[in-house]
**Q** 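Below is a structure I'd like to ask you about.
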Amino acid sequence: MPLLNISMRAGKSETYRQTIFDSVFRAMRETFDVPEDDQFMTITEHEAANFRYGASYLDIARSDDLVYIQITANNTRTVEQKKALFRRIAELLGESPGIRPEDVFVNLVEVAKENWSLGNGLAQYA
């Protein structure tokens, strides 16, 4: 049950944004075994004045095409699965819509299964 939040600079087309959704979801399906209908995703666009990043932090040359991808998920995946997810997201976003790997910033937030309510005021996984 990943919850995906993507932040990026404003100005990209709807097709570009939808392709980001598709590519990241495909990576989650392939590496985290996410079910087909488990799609809970948002994209937030920011004007340049409201989007800041370290252009060379850790010797990675980032550009204004940087996307922040934050995934909140159950704390049930192995380190190998997490590494595979990060790698696959960068690969797929490179293929389509053409984002450089240097501009793919992923943050995985892990939570206990009982910390979700997916509707109806119930803790479905508790």
Side-chain angles (χ1 to χ4, degrees):
M1 173 54 228
L3 176 61
L4 177 66
N5 294 292
I6 298 168
S7 296
M8 58 189 289
R9 284 189 54 171
K12 300 296 185 183
S13 70
E14 179 180 344
T15 301
Y16 185 93
R17 295 187 311 271
Q18 292 300 314
T19 302
I20 291 174
F21 278 145
D22 294 342
S23 294
V24 176
F25 185 67
R26 179 177 167 195
M28 290 191 306
R29 292 219 0 105
E30 291 177 4
T31 61
F32 271 26
D33 301 317
V34 173
E36 179 64 37
D37 196 35
D38 191 351
Q39 296 191 43
F40 299 91
M41 305 179 275
T42 62
I43 289 181
T44 305
E45 296 182 277
H46 304 272
E47 296 302 321
N50 298 322
F51 191 84
R52 184 183 288 189
Y53 59 90
S56 62
Y57 181 69
L58 294 178
D59 293 324
I60 300 170
R62 295 172 189 85
S63 76
D64 288 343
D65 289 330
L66 178 68
V67 291
Y68 295 133
I69 300 167
Q70 186 170 60
I71 303 168
T72 303
N74 292 332
N75 59 352
T76 58
R77 274 60 177 222
T78 66
V79 171
E80 290 76 23
Q81 284 177 296
K82 295 170 196 178
K83 288 179 178 180
L85 174 67
F86 301 151
R87 184 173 46 255
R88 193 65 177 138
I89 288 172
E91 290 170 355
L92 290 173
L93 289 177
E95 292 172 13
S96 185
I99 300 172
R100 300 174 328 124
E102 296 89 345
D103 289 325
V104 178
F105 184 112
V106 183
N107 172 239
L108 178 62
V109 178
E110 295 181 296
V111 299
K113 292 174 98 174
E114 64 269 15
N115 290 340
W116 296 95
S117 175
L118 308 178
N120 295 325
L122 302 173
Q124 284 83 357
Y125 298 138

**Q** Grouping I, L, V, M, F, W and Y whenever their side-chain heavy atoms are under 4.5 Å apart, do Phe86 and Ile20 come out in a common cluster?
**A**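 Yes, Phe86 connects to Ile20 through the hydrophobic network.
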**Q** Would you find a donor on one side and an acceptor on the other, under 3.5 Å apart, between the side chain of Gln124 and the backbone of Gly119?
**A**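 It does hold such a pair.
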**Q** What are the two closest non-hydrogen atoms of Ile71 and Pro2, and how far apart are they?
**A**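 Looks like CG2-CB, 3.9 Å.
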**Q** Supply the atom-to-atom distance Gln39 CD to Leu3 CG, rounded to the nearest 0.5 angstrom.
**A**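 Output value for this atom pair is 13.0 Å.
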**Q** Going from CZ on Arg17 to OG1 on Thr42, what distance comes out if it is rounded to the nearest 0.5 angstrom?
**A**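 Those atoms lie 12.5 Å apart.
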**Q** Please determine whether residues Ile69 and Leu66 belong to a single hydrophobic cluster, defined as Ile, Leu, Val, Met, Phe, Trp and Tyr linked transitively by side-chain heavy-atom distances below 4.5 Å.
**A**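 Per the 4.5 Å side-chain linkage, Ile69 and Leu66 are not co-clustered.
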**Q** Just distance, no hydrogens or angles: give the donor-acceptor pairs under 3.5 Å from side chains in residues 91-108, sequence neighbours left out.
**A**
unit_1: Glu91; atom_1: OE1; unit_2: Arg88; atom_2: NH1; d: 3.0
unit_1: Arg100; atom_1: NE; unit_2: Asp103; atom_2: OD2; d: 3.0
unit_1: Arg100; atom_1: NH2; unit_2: Ala61; atom_2: O; d: 2.5
unit_1: Arg100; atom_1: NH2; unit_2: Asp103; atom_2: OD1; d: 3.4
unit_1: Arg100; atom_1: NH2; unit_2: Asp103; atom_2: OD2; d: 3.3
unit_1: Asp103; atom_1: OD1; unit_2: Ser63; atom_2: N; d: 2.7
unit_1: Asp103; atom_1: OD1; unit_2: Ser63; atom_2: OG; d: 3.4
unit_1: Asp103; atom_1: OD2; unit_2: Ser63; atom_2: OG; d: 2.6
unit_1: Asn107; atom_1: OD1; unit_2: Gln70; atom_2: NE2; d: 2.6

**Q** Would you indicate whether the side-chain heavy atoms of Thr44 and Asn5 approach each other to under 4.5 Å?
**A**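 Asn5 vs Thr44: side chains apart.
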**Q** For the hydrophobic clusters of this structure (ILVMFWY residues joined by side-chain heavy atoms under 4.5 Å, transitively), does one cluster hold both Trp116 and Phe40?
**A**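 Hydrophobic grouping puts Trp116 with Phe40.
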**Q** State, to 0.1 Å, how close Phe21 and Met41 come at their nearest heavy-atom pair, and which atoms those are.
**A**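 Shortest heavy-atom contact: CE2-CB, 3.4 Å.
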**Q** Kindly say whether the aromatic ring centers of Tyr53 and Tyr68 come within a distance under 6.0 Å.
**A**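 For Tyr53 and Tyr68, the ring centres are not under 6.0 Å apart.
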**Q** Which pairs pass salt bridge (charged side-chain N to carboxylate O under 4.0 Å, His left out) with one or both residues in residues 53-69, sequence neighbours excluded?
**A**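 Passing the test, one end in residues 53-69: Arg9-Asp64, Lys12-Asp65.
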**Q** Could you check if a side-chain atom of Tyr16 sits within less than 4.5 angstrom of a side-chain atom of Ile43, using non-hydrogen atoms only?
**A**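 A side-chain contact is absent here, since even the closest heavy-atom pair is not under 4.5 Å.
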**Q** From Glu30 CD over to Ile89 CD1, what is the distance, rounded to the nearest 0.5 angstrom?
**A**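 Result: 10.5 Å between the selected atoms.
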**Q** Would you check if the side chain of Ser117 reaches a backbone N or O of Leu122 as a donor-acceptor pair within less than 3.5 Å?
**A**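 Answer holds: yes.
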**Q** Starting from Ile6, can I reach Val34 by hopping between I/L/V/M/F/W/Y residues whose side chains sit under 4.5 Å apart?
**A**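 Both belong to a single hydrophobic cluster.
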**Q** How long is the straight-line distance from CG of Leu85 back to CZ of Arg29, given to the nearest 0.5 Å?
**A**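 Nearest 0.5 Å value for the CZ-CG distance: 13.5 Å.
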**Q** If every non-hydrogen atom of Asp38 is compared with every non-hydrogen atom of Phe25, which pair is closest and at what distance?
**A**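 Heavy atoms of Asp38 and Phe25 come nearest at O-CE1, 3.2 Å.
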